[in-house]
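Numbered from 1 within each chain, the chains take letters A, B, ... in sequence-line order.
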Amino acid sequence: MPADGSEVGRALVDQHCHSVVGTELAAAAFASLLTESDRPSAVGASPWDSALGLAVRRWCAPVLGLEPFAPVEAYLERRRELGVAEATRRLLRAAGLSACLVDTGLTEAAGLPLLSPEELGGLAHAEVHEIVRVEWVAERATTPDTAAHTWAETVCAALRRAARHAVGLKSVVAYRCGLDFDPTRPSPAEVANAAAEHLSAGAGRLTHPVLLRHLLWEAVDLGLPLQLHTGFGDPDLTLHRSDPSLLTAFVRAVEPYGTPLVLLHGWPYHRQAAWLTQAFPHVHCDLGLTLTHVGTGARRVLAETLELAPFHKLLFSTDGYGLPELHLVGVAAFTDALDAWLGEALPVASEATRVASLIYGENARRLYKLS
Amino acid sequence: MPADGSEVGRALVDQHCHSVVGTELAAAAFASLLTESDRPSAVGASPWDSALGLAVRRWCAPVLGLEPFAPVEAYLERRRELGVAEATRRLLRAAGLSACLVDTGLTEAAGLPLLSPEELGGLAHAEVHEIVRVEWVAERATTPDTAAHTWAETVCAALRRAARHAVGLKSVVAYRCGLDFDPTRPSPAEVANAAAEHLSAGAGRLTHPVLLRHLLWEAVDLGLPLQLHTGFGDPDLTLHRSDPSLLTAFVRAVEPYGTPLVLLHGWPYHRQAAWLTQAFPHVHCDLGLTLTHVGTGARRVLAETLELAPFHKLLFSTDGYGLPELHLVGVAAFTDALDAWLGEALPVASEATRVASLIYGENARRLYKLS
Amino acid sequence: MPADGSEVGRALVDQHCHSVVGTELAAAAFASLLTESDRPSAVGASPWDSALGLAVRRWCAPVLGLEPFAPVEAYLERRRELGVAEATRRLLRAAGLSACLVDTGLTEAAGLPLLSPEELGGLAHAEVHEIVRVEWVAERATTPDTAAHTWAETVCAALRRAARHAVGLKSVVAYRCGLDFDPTRPSPAEVANAAAEHLSAGAGRLTHPVLLRHLLWEAVDLGLPLQLHTGFGDPDLTLHRSDPSLLTAFVRAVEPYGTPLVLLHGWPYHRQAAWLTQAFPHVHCDLGLTLTHVGTGARRVLAETLELAPFHKLLFSTDGYGLPELHLVGVAAFTDALDAWLGEALPVASEATRVASLIYGENARRLYKLS
């Protein structure tokens with residue numbers, strides 16, 4: 001169970017998550033948030049029939065006053081009975097987060113608006129900090145008035161403004177062009193040409209590799225920790241092109257700048273991410289999204305990561321999104337897995353607590369300069 | 001042990017296997033079927049000295065009336081004593097299969113003819129259905145009379161004829177050119193040119209990437225589930241080019257057609273296959289060949305797959321070939337591993353039975369429209 | 001614990017290791033040998049905080065007369081108290097190696113000289129044999145007098161001389177250009193042109209792909225087992241370009257020559273290495289460096305390798321380097337993991353002993369033609 005009342009629990013810093021839907025969700029919408037697929041389920045199939053579905057029933061049902069593994073219908077009925085506000089409050093409190101770093105680049109889930117970060121923090125009793133998604137900032141800064149030769153300047157100004165309120169930045173370049181991109185910083189002329197192409201194609205979703213690289217280098221210049229999506233995600237992504245090892249040349253190019261890089265998710269390339277964290281001082285990783293999804297596999301996946309990741313380089317997160325269940329499952333899966341690992345690998349209680357504290361929160365507090 | 005007498009056991013649908021040799025096998029020939037290598041073993045080494053060799057001794061010896069792990073010589077002697085017919089009957093009955101989907105693209109093993117699918121079904125007490133291997137059909141349809149401009153038509157007609165008796169199709173494009181092929185359908189002119197090259201090179205084994213792609217798209221048009229070899233196999237194959245993630249662009253191109261795709265084997269990329277089954281409604285996977293080979297590793301490999309694969313997307317199979325031992329080991333390894341996984345992840349007996357039934361047979365019955 | 005007194009222990013052949021530093025190491029230098037990174041640690045972080053750091057405390061502290069998991073400071077103090085000679089002697093004896101195959105291509109660690117192979121063998125009470133690193137020989141043979149048209153001849157002569165005293169060769173081509181190199185043997189003209197480029201660039205570190213390929217083929221011609229670095233290592237390396245599967249075309253090209261290939265380390269591609277050892281008679285693998293680093297993950301990583309690797313193809317090694325702790329941890333992690341695996345997969349004591357003997361030493365004695 002998540003250590004909601006303990007010292008360790010109180011120190012949990014969720015270094016990458018999203019907010020939750022504040023209104024009642026229909027059964028189908030709820031289920032759609034239990035899978036990374038954005039496609040309708042096959043006839044007769046349900047996203048509840050997955051390792052994540054079982055994990056929700058295992059860890060969340062008791063928090064709503066049901067037996068673990070209560071049937072899905074009973075779970076949803078109980079949730080409606082409590083009301084979305086009370087259910088959300090209970091689940092987020094049980095998660096026992098002390099701080100949430102919220103990626104504000106998603107504003108709805110299953111077509112419904114997400115609560116503001118402040119509302120999330122209020123329900124969770126947690127400090128809230130912002131992570132700014134660079135592609136989202138660039139897309140919002142580009143208006144019908146933006147000209148090719150001013151795109152870079154406009155976007156750079158917007159990014160700097162957004163970063164003033166943020167503790168870190170995030171890129172989803174893995175989704176937009178894969179991680180096997182040219183690691184060099186594009187020249188101003190290349191950027192202007194690319195902006196012209198982007199604008200003449202109607203702007204919209206930013207997928208031009210030159211502009212994406214430009215944004216990454218703008219982010220590097222800002223010096224805030226830069227989170228990068230790696231590993232699995234929704235069907236937009238091509239899995240083998242999200243292997244974090246493909247970032248190695250970029251990692252080397254960033255090293256002299258000192259900007260910290262944080263490799264998110266990782267699965268099924270979490271061992272590759274772990275090696276990068278050992279090899280390069282400025283590289284960190286988390287297992288958000290991953291440990292939530294893999295159910296009882298969380299112990300194995302965390303253990304595989306700790307085969308090589310130094311203890312000061314692994315960060316806790318949930319990547320919870322839309323449903324407060326995902327925040328709680330993320331906490332429960334991670335704490336269960338880390339407890340198990342430490343019990344085997346470090347049978348000295350005081351030291352195990354010290355290592356757990358690093359991973360649960362101290363690494364993040366140091367990295368993001370939280371108080 | 002395989003649940004040969006239980007409800008679950010009776011419902012096992014082996015969604016991808018081959019037939020067995022019906023005549024006595026010399027010790028060396030028997031051993032040669034315990035490895036994916038087609039090379040002679042090193043001096044003093046035997047394929048029995050492997051996880052698969054131990055699994056055969058563990059699961060099959062008792063069925064022939066010996067202790068588990070009886071010595072190899074004792075095992076082979078007992079098998080001769082019983083005679084090939086009786087040994088085969090005992091092993092296949094113990095496997096407890098209710099239906100076998102037989103890939104008819106291989107007709108011999110270790111140089112000896114395989115029993116017909118009907119004979120296999122008779123010995124196993126199982127329904128038999130046919131899976132047609134598209135490259136095999138194309139190779140057999142190509143005669144000295146085939147002209148470049150009629151190749152496509154000839155092959156298409158042969159494929160349609162073969163498919164009439166089949167519940168699914170299979171491609172071994174992973175062996176012939178790797179899975180990183182151009183996913184688009186080739187034009188008729190490209191196909192005719194490629195056919196001319198293929199014919200002028202003496203026809204034979206089909207390795208021309210354009211013709212292989214053409215065949216895949218003909219298969220997609222037929223609408224039957226299309227099985228694709230992915231992951232490990234014999235030395236003809238280049239492992240990293242059989243990563244199912246390399247199929248992602250093809251998977252996306254097929255999606256609008258609705259033709260189901262089934263990723264076979266997967267290892268060591270079974271996690272990649274699992275993600276594809278979660279992301280795309282028309283993608284399924286199995287662990288045939290894999291769970292047979294990996295011995296006590298079967299629990300881990302199945303668990304790694306279920307980290308992300310939805311329960312209605314994983315299919316049971318053995319990929320048994322040549323030796324009935326491989327069908328039995330396939331069943332034993334899979335059922336042992338799934339029982340263990342469900343015991344940990346879903347400690348509600350009725351639900352565990354429901355999920356097992358999906359994976360053991362219902363998913364295949366639905367997908368292949370079996371009665 | 002390593003079986004230092006047992007039959008199995010006495011038969012351990014470390015088929016790939018380095019020597020150790022013979023002088024006192026400062027705390028920082030000691031710590032720097034606990035990570036593959038050559039960068040300074042982040043502020044407040046220590047390489048001791050890793051799976052490897054815990055493994056050293058678990059397995060080595062008792063050999064120095066401390067409790068397992070004694071604090072780092074106590075460990076270092078006790079080591080100083082004993083003196084480097086006594087500590088080294090104790091640790092190497094506890095490792096219980098009967099033979100060491102020493103890669104002589106590294107001559108210092110943390111800036112301090114390594115003991116000679118003979119000194120290492122004396123401290124360890126083990127036979128010592130030499131493994132010659134081909135790139136190191138080529139670099140040392142190249143002098144200001146070397147001309148482009150004589151480079152090949154000069155290097156070839158040096159390699160033949162060095163090989164006279166060696167039982168095997170080693171290549172670090174994974175570091176120099178990745179394993180995705182052109183597998184064909186370059187022509188003499190190509191080699192001369194490449195040598196001219198290499199010499200005009202000041203010779204030094206050999207990174208020219210043509211010269212590296214030439215060296216590999218010279219090594220193949222010599223017929224001694226050729227070890228190849230694969231998988232993780234220091235930050236010079238790009239991880240996905242060290243996947244041993246990338247060697248498949250080279251493996252096929254070498255097969256007719258009969259020269260054995262030995263894939264070292266492998267992680268996180270050890271399953272890929274295992275398949276290559278099953279598929280190709282001349283391919284072997286080890287888990288040196290890997291099992292040392294991954295701590296309690298050693299059981300899992302070894303088990304993943306034995307999913308497919310035949311028992312006569314897996315070789316024991318430590319890749320110990322600089323610190324005798326790494327030799328001992330390599331032995332302890334490997335023997336603990338193999339005992340656990342055999343206990344589960346082969347519960348027949350006499351046979352488990354036979355398989356362990358193959359892997360611990362007999363495979364290496366046969367392969368390297370040791371007495």
When rounded to the nearest 0.5 angstrom, what is the spacing between [atom1] in [X] and [atom2] in [Y]?
X	Y	atom1	atom2	answer
L306(A)	T296(C)	CG	OG1	8.5 Å
S50(C)	K313(A)	OG	NZ	12.0 Å
L54(C)	E351(A)	CG	CD	7.5 Å

Requested in this report: Kindly indicate whether the side chain of P268(C), heavy atoms from C-beta on, has any atom under 4.5 Å from the side chain of W275(A).
Outcome: no
**Report entry** Close side-chain approach of P235(C) to F280(A), heavy-atom, < 4.5 Å
**Finding:** yes
Query raised in the report: Who wins among R354(A), Q272(A), R252(A), R271(A) for the most heavy-atom pairs under 4.5 Å with chain C?
Result: R271(A)
Report summary line: Under 4.5 Å to a heavy atom of chain A? For S46(C) that would be backbone
**Report entry** chain A contact via P40(C) - side chain, backbone, both or neither, heavy atoms under 4.5 Å
**Finding:** backbone
Report summary line: In short, W267(C) meets E304(A) closest at the heavy-atom pair CZ2-O, 4.4 Å
Report summary line: Between F311(A) and A51(C) the two heavy atoms that sit nearest each other are CZ-N, 3.8 Å
Query raised in the report: Where the side chain of Q278(A) meets the backbone of E36(C), is there a donor-acceptor pair that is under 3.5 Å apart?
Result: yes
Query raised in the report: Crowded around E67(C) CD? As in, over 12 foreign heavy atoms under 6.0 Å?
Result: no
Report task. Could you go through the side-chain contact (heavy atoms from CB on, under 4.5 Å) check for L308(A) and L52(C) one step at a time? Result -> CA-CA 8 Å; L308(A) 228 66; L52(C) 171 54; over 6 Å; no
Query - Contact residues of residues 253-264 of chain A (partner chain C; heavy-atom separation under 4.5 angstrom) - result: E255(A)
**Report entry** Per-residue contacts, residues 236-245 of chain A versus chain C, heavy atoms under 4.5 Å
**Finding:** D243(A), S245(A)
Query raised in the report: Among F232(C), W48(C), Y269(C), which has the most heavy-atom pairs under 4.5 Å with chain A?
Result: F232(C)
Report task. Could you tell me which of H293(C), R300(C), R57(C) has the largest number of non-hydrogen atom pairs under 4.5 Å with chain A? Result -> R300(C)
Query raised in the report: Measuring heavy-atom distances to chain C, does L246(A) have an atom under 4.5 Å in its side chain, in its backbone, in both, or in neither?
Result: both
